[in-house]
Amino acid sequence: MSELYIRVAEDENEEPMEIPSEDDGTVLLSSVAAQFPGACGLRYRNPESQCMRGVRLVEGVLHAPENDWGNLVYVVNYPKDNKRKMEEIDAASAVKIKRGFQKTSDLIVLGLPWKTTEQDLKDYFSTFGEVIMVQVKRDVKTGNSKGFGFVRFTDYETQTKVIAQRHMIDGRWCDCKLPNSKACPDEPMRSRKIFVGRCTEDMTTDDLRQYFMQYGEVTDVFIPKPFRAFAFVTFADDQVAQALCGEDLIIKGISVHISNAEPKHNNIHQLFPNFPGGSASLAAMFDRSQYQFPSFHV
């Protein structure tokens, strides 16, 4: 018998694929499995009874029903467990493809050593994946590093991996984060000032300035008097300030909390819900005329 092709599909409603038969008119199961991995047989719908019928399989060889394959479309059979496994693999692949098309963002790299160059930054992060861009922020006048920079990757999976861990660059631990205050998307303007909570009385403005300079240029440090267990630190770059918001940092052995510096009655009340005197006292505490608060930079 001359070679012919039979039409095989994974489902009755899908477009079929032609599978070659052997010289004797049979079809090898391996030929079907080559196009439909995991296939264990074929079935077809009987034109008369409209019931599904199985194709005879003997030692890996499929035999045509009544010695004639006809123009029917044959549907692939899968073992139940294997089919379920393939569906899970397809679902996982779909998620992976979806993630692959997610757009990457510029990541801010905080705590860079002063000596780190853009080539150093690229060499380090290239070990994680393809790097699109690196930049070390520098002072316009002096050309010196400001202690932070930016990096962007081609692949979203790489970006996620980099954000999830700390990085040792030129002997110093650095952090990579999404800048631009992603945690507060409704905020119309980004502040360069951060609120440092849980301060202790032995922390001086010099202590805070020296500590936060590792993240970027510091333009102002303010500790209110009388002491109120908090301080304000202002950076030259708003992205550095916003990247630190929400962090718990260790200064002089004490854990301090960093948040947005928002001198509004409702936000202050959220910071100190049990403060004696309620929001009126809180408003007075943040009155610049009383404590000579510096102007808020945005």
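Hydrophobic clustering keeps Val162 apart from Phe148 (ILVMFWY residues linked when any side-chain heavy atoms are closer than 4.5 Å, directly or through intermediates). A continuous path of ILVMFWY side-chain contacts below 4.5 Å connects Ile108 to Tyr211, so both sit in one hydrophobic cluster. The cluster map of Ile, Leu, Val, Met, Phe, Trp and Tyr, joined by side-chain heavy atoms under 4.5 Å apart, puts Val218 and Leu244 in the same cluster.
At least one donor-acceptor pair closer than 3.5 Å links the side chain of Gln242 to the backbone N or O of Ser191. Proximity of a side-chain donor or acceptor of Tyr74 to a complementary backbone N or O of Trp69 within less than 3.5 Å is detected. Not a single donor-acceptor pair under 3.5 Å links the side chain of Arg53 to the backbone N or O of Tyr44. Put simply, the side chain of Arg7 never gets that close to the backbone of Glu18: no donor and acceptor are under 3.5 Å apart. Using modelled atom types, one side-chain atom of Ser21 and one backbone atom of Leu4 make a donor-acceptor pair closer than 3.5 Å. Side chain of Thr234 to main chain of Thr219: no donor-acceptor pair is present (N/O by atom type, distance under 3.5 Å, no hydrogens or angles).
For Pro113 against Ser145, the heavy-atom pair with the smallest separation is O-OG, 4.4 Å. Summarising the geometry of Val75 relative to Glu12, their closest heavy-atom pair is CG2-CG, 3.5 Å, with the distance given to 0.1 Å. The shortest heavy-atom contact between Met168 and Gly171 is SD-C, 3.2 Å. Minimum heavy-atom separation, His63 to Val55: O-CG1, 3.2 Å. The two residues Ser259 and Cys245 come nearest to each other via the heavy atoms C-SG, 3.8 Å.
You'll find the side chain of Val256 reaches within 4.5 Å of the side chain of Met203, heavy atoms only.
For the atom pair Ile19 CD1 and Leu42 CG, the distance stands at 8.5 Å (nearest 0.5 Å).
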Check against side chain to side chain contact (heavy atoms under 4.5 Å, CB included), Glu10 and Phe36: CA-CA 8 Å; Glu10 199 161 34; Phe36 301 93; 4.1 Å; yes
Verdict with reasoning, Trp114 to Asn144, per side chain to side chain contact (heavy atoms under 4.5 Å, CB included): CA-CA 7 Å; Trp114 308 119; Asn144 295 330; over 6 Å; no
Steps toward salt bridge (Lys or Arg N to Asp or Glu O under 4.0 Å) verdict (Glu247, Lys177): CA-CA 11 Å; Glu247 289 293 305; Lys177 300 182 181 182; 2.9 Å; yes
Test side chain to side chain contact (heavy atoms under 4.5 Å, CB included) applied to Val32 and Leu62, step by step: CA-CA 10 Å; Val32 177; Leu62 293 157; 4.0 Å; yes
Verdict with supporting geometry, Val136 and Thr117, side chain to side chain contact (heavy atoms under 4.5 Å, CB included): CA-CA 7 Å; Val136 175; Thr117 65; 5.8 Å; no
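Applying the salt bridge (charged side-chain N to carboxylate O under 4.0 Å, His left out) test to pairs two or more places apart or on separate chains, those with a residue in residues 106-120 are Asp106-Arg152. Sequence neighbours left out, not one pair with a member in residues 59-79 passes salt bridge (charged side-chain N to carboxylate O under 4.0 Å, His left out). Sorted pairs that involve residues 121-131 and meet salt bridge (charged side-chain N to carboxylate O under 4.0 Å, His left out), not counting sequence neighbours, are lacking altogether.
You'll find the ring centres of Phe230 and Phe195 inside the 6.0 Å limit. In summary, the aromatic rings of Phe125 and His167 are positioned with their centroids under 6.0 Å apart.
Lys252 is linked by a salt bridge (Lys or Arg N to Asp or Glu O under 4.0 Å) to Asp202, Asp207, counting only residues two or more places apart in sequence or in another chain. Looking at residues two or more places apart in sequence or on another chain, you find a salt bridge (Lys or Arg N to Asp or Glu O under 4.0 Å) between Arg198 and Asp248. Asp175 is linked by a salt bridge (Lys or Arg N to Asp or Glu O under 4.0 Å) to Arg166, counting only residues two or more places apart in sequence or in another chain.
Around CZ of Arg56, the count of heavy atoms belonging to other residues, nucleotides or ligands within 6.0 Å does not exceed 12.
For the side chain to side chain contact (heavy atoms under 4.5 Å, CB included) test with Cys174, the passing option among Ile169, Leu110, Leu121, Thr116 is Ile169; the others fail.
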